[in-house]
Number of protein chains: 2
Amino acid sequence: MPLTRRQHEILEYLKDNTEHFEQAPTLDQLCACLGLRSRGSLHKHIQALIAEGYVEPIKGRHAGVRLTPGLGSADALPYLGKIAAGRQIAAVPQSETMLVPEHLRTQRDCYVLQVSGDSMREAGILDGDYAVIEHRQTASNGEIVVALVRGEETTLKRIRQESDRILLIAENPDMAPLVFSPSEVEIQGVLVGLMRNYG
Amino acid sequence: MPLTRRQHEILEYLKDNTEHFEQAPTLDQLCACLGLRSRGSLHKHIQALIAEGYVEPIKGRHAGVRLTPGLGSADALPYLGKIAAGRQIAAVPQSETMLVPEHLRTQRDCYVLQVSGDSMREAGILDGDYAVIEHRQTASNGEIVVALVRGEETTLKRIRQESDRILLIAENPDMAPLVFSPSEVEIQGVLVGLMRNYG
DNA sequence: GCGGATGTTCTCTATTTGTTCTCCGCAAGA
DNA sequence: TCTTGCGGAGAACAAATAGAGAACATCCGC
């Protein structure tokens, strides 16, 4: 489904002018810029561009603003401290937050942890790195997850879920995979982004 | 959770006018400046800005004053593409930018490169990672630098400067350190931050 | 304690914005 | 000529947002 002539024009206009908008423009604003008088007409074109994946609607917002090509703003996500033994993730203290660029997170509920230890060194995750975690209870095999083990210890490991057991695999030759029964492991989130500060 | 239009307007106003206020302004003062007649309305917006981390309430004080745009925002740094052979860094095309949280950069001139290759894998820097580079011509031994070698090849390596030679050390057991004379190596920047996107 | 200034919370209303719908004009082809 | 698809206008609607205003809470100086 190639773009029609007008859709292409509008897309080009958006590409050329995204920086000029402080915020994502509204339909009315774009109508004015493009010389249109009907929101409904523009809306049709924008929907086509969304369907083709050229622009994307702003996440939660239903009203207010609408479209934004490319990557957008940074959000302040809750910072829940170091990932360490014996800590539940729930009960967000909401005290501290950390700014995370949009391209390092997902559209779902996310938070930030600081990595403690070198168990994932081979996966390029070092002690002190900031991990952006999407909060969810399930994961696919091979994903790196925040797992609560036996209700007492929280770790960041690559997961492998088999029929009768769960392996938590450290990416470090010094550490063997840990094997648990499914009831012993509770997934608390999945790694979606990483930040590191040198010096 | 991006800011709404009005929230963004108010934040911009605060950014532009913080110096003009002797003290942090009260809600009533801000209402007057912004043309609002209801404290309650403004209060809602301010709370939203606080929740997103763009401003923060004055600590102990309850009465009197209230807000102060405090912590760092994310800056849009120039994105100069993949770090690859044969490319000079200079001559910023200024075309693309990438949002970088303040804690991943320094106060000096910075830009972003995307890492190509696994030569720094042992240092936790993987293919595809985004490296935040401070633009400068000198580095301390042990720092990870963007180096232009013989005017033709640009690489990201750990540097060791000795009296009569310069070592560019890949953090990868498969690759031996590269030895050059000081005249062959030009430092173009130093790694100060790293970002990675999973999935 | 009293009163004023200030932050907070609430309800109510108005405006903005995205969405959906119908209708019209135009041009290209069968 | 008739049909089809594109592009646009405009009305009507729902949801989110923005604002007004009142009531309450809390701190401060007197």
Side-chain angles (χ1 to χ4, degrees), chain A residues 1-14 17-18 20-69 72-73 75-76 94-95 107 109, chain B residues 1-14 17-18 21-70:
Chain A
M1 295 116 294
L3 297 183
T4 67
R5 191 189 91 255
R6 198 68 170 110
Q7 285 161 12
H8 202 75
E9 281 177 27
I10 294 176
L11 179 58
E12 286 305 309
Y13 179 86
L14 288 176
N17 293 281
T18 26
H20 303 156
F21 290 109
E22 284 282 308
Q23 286 216 295
T26 66
L27 288 183
D28 281 344
Q29 282 179 302
L30 280 180
C31 277
C33 296
L34 293 165
L36 290 178
R37 269 185 294 183
S38 162
R39 257 179 310 178
S41 306
L42 178 58
H43 180 257
K44 245 188 307 184
H45 292 132
I46 298 295
Q47 287 304 312
L49 292 180
I50 292 175
E52 298 297 323
Y54 290 103
V55 298
E56 56 179 15
I58 286 205
K59 20 193 166 188
R61 285 292 179 295
H62 169 63
V65 267
R66 197 51 173 70
L67 71 139
T68 149
S73 58
D75 297 329
Q94 194 57 29
S95 53
Q107 299 309 315
D109 188 24
Chain B
M1 299 112 284
L3 297 183
T4 68
R5 283 207 129 47
R6 200 69 173 110
Q7 285 161 14
H8 190 261
E9 279 179 29
I10 293 176
L11 177 59
E12 287 303 309
Y13 179 86
L14 289 176
N17 294 282
T18 23
F21 290 109
E22 289 284 318
Q23 295 195 317
T26 66
L27 287 184
D28 281 344
Q29 280 178 302
L30 279 180
C31 277
C33 297
L34 293 164
L36 289 178
R37 270 184 293 183
S38 162
R39 255 178 313 176
S41 306
L42 178 58
H43 179 258
K44 244 188 307 184
H45 292 135
I46 299 295
Q47 288 304 312
L49 291 180
I50 292 175
E52 296 296 323
Y54 289 102
V55 298
E56 54 183 11
I58 289 195
K59 14 195 163 178
R61 298 284 274 178
H62 165 70
V65 271
R66 197 52 174 76
L67 72 137
T68 153

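First the proteins, then the strands, lettered A, B, ... as listed; each starts at 1.
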For the [atom1] atom of [X] and the [atom2] atom of [Y], what is their distance to the nearest 0.5 Å?
{"X": "B:Thr4", "Y": "B:His45", "atom1": "OG1", "atom2": "NE2", "answer": "5.0 Å"}
{"X": "A:Leu34", "Y": "A:Leu14", "atom1": "CG", "atom2": "CG", "answer": "7.5 Å"}
{"X": "A:Leu42", "Y": "A:Gln47", "atom1": "CG", "atom2": "CD", "answer": "10.0 Å"}
{"X": "B:Leu49", "Y": "B:His8", "atom1": "CG", "atom2": "NE2", "answer": "10.0 Å"}

### Query
Of A:Gln29 and B:Arg39, whose closest DNA chain C nucleotide lies nearer the 5' terminus?
B:Arg39

Using whole Å, report how far [atom1] of [X] lies from [atom2] of [N].
{"X": "B:Arg5", "N": "D:dG19", "atom1": "CZ", "atom2": "P", "answer": "13 Å"}
{"X": "B:Leu11", "N": "D:dA18", "atom1": "CG", "atom2": "C1'", "answer": "17 Å"}
{"X": "A:His8", "N": "D:dC6", "atom1": "NE2", "atom2": "P", "answer": "16 Å"}
{"X": "A:His43", "N": "D:dA11", "atom1": "NE2", "atom2": "C1'", "answer": "15 Å"}
{"X": "A:Asp28", "N": "C:dG18", "atom1": "CG", "atom2": "P", "answer": "7 Å"}
{"X": "B:Ile10", "N": "D:dA18", "atom1": "CD1", "atom2": "C1'", "answer": "9 Å"}
{"X": "A:Leu34", "N": "D:dA9", "atom1": "CG", "atom2": "C1'", "answer": "15 Å"}
{"X": "A:Gln47", "N": "C:dG18", "atom1": "CD", "atom2": "C1'", "answer": "9 Å"}

Looking at [X] and [N], is any side-chain donor or acceptor paired with a base atom of the opposite kind under 3.5 Å?
{"X": "B:Ser38", "N": "D:dG21", "answer": "yes"}
{"X": "B:Arg37", "N": "D:dG19", "answer": "no"}
{"X": "B:Ser41", "N": "D:dA18", "answer": "no"}

### Query
Are OP1 or OP2 of D:dG8 and a side-chain N or O of A:Arg6 less than 4.0 angstrom apart?
yes

### Message
Is the phosphate of D:dG7 approached by A:Thr4 (side-chain N or O, under 4.0 Å from OP1 or OP2)?
### Response
yes

### Task
May I ask you to say what A:Leu36 touches in the nucleic acid, namely base, sugar-phosphate or nothing, with a heavy-atom cut-off under 4.0 Å?
sugar-phosphate

### Message
Using a strict threshold of under 4.0 Å (side-chain N to carboxylate O), is an ion pair present between A:Arg5 and A:Glu9?
### Response
yes

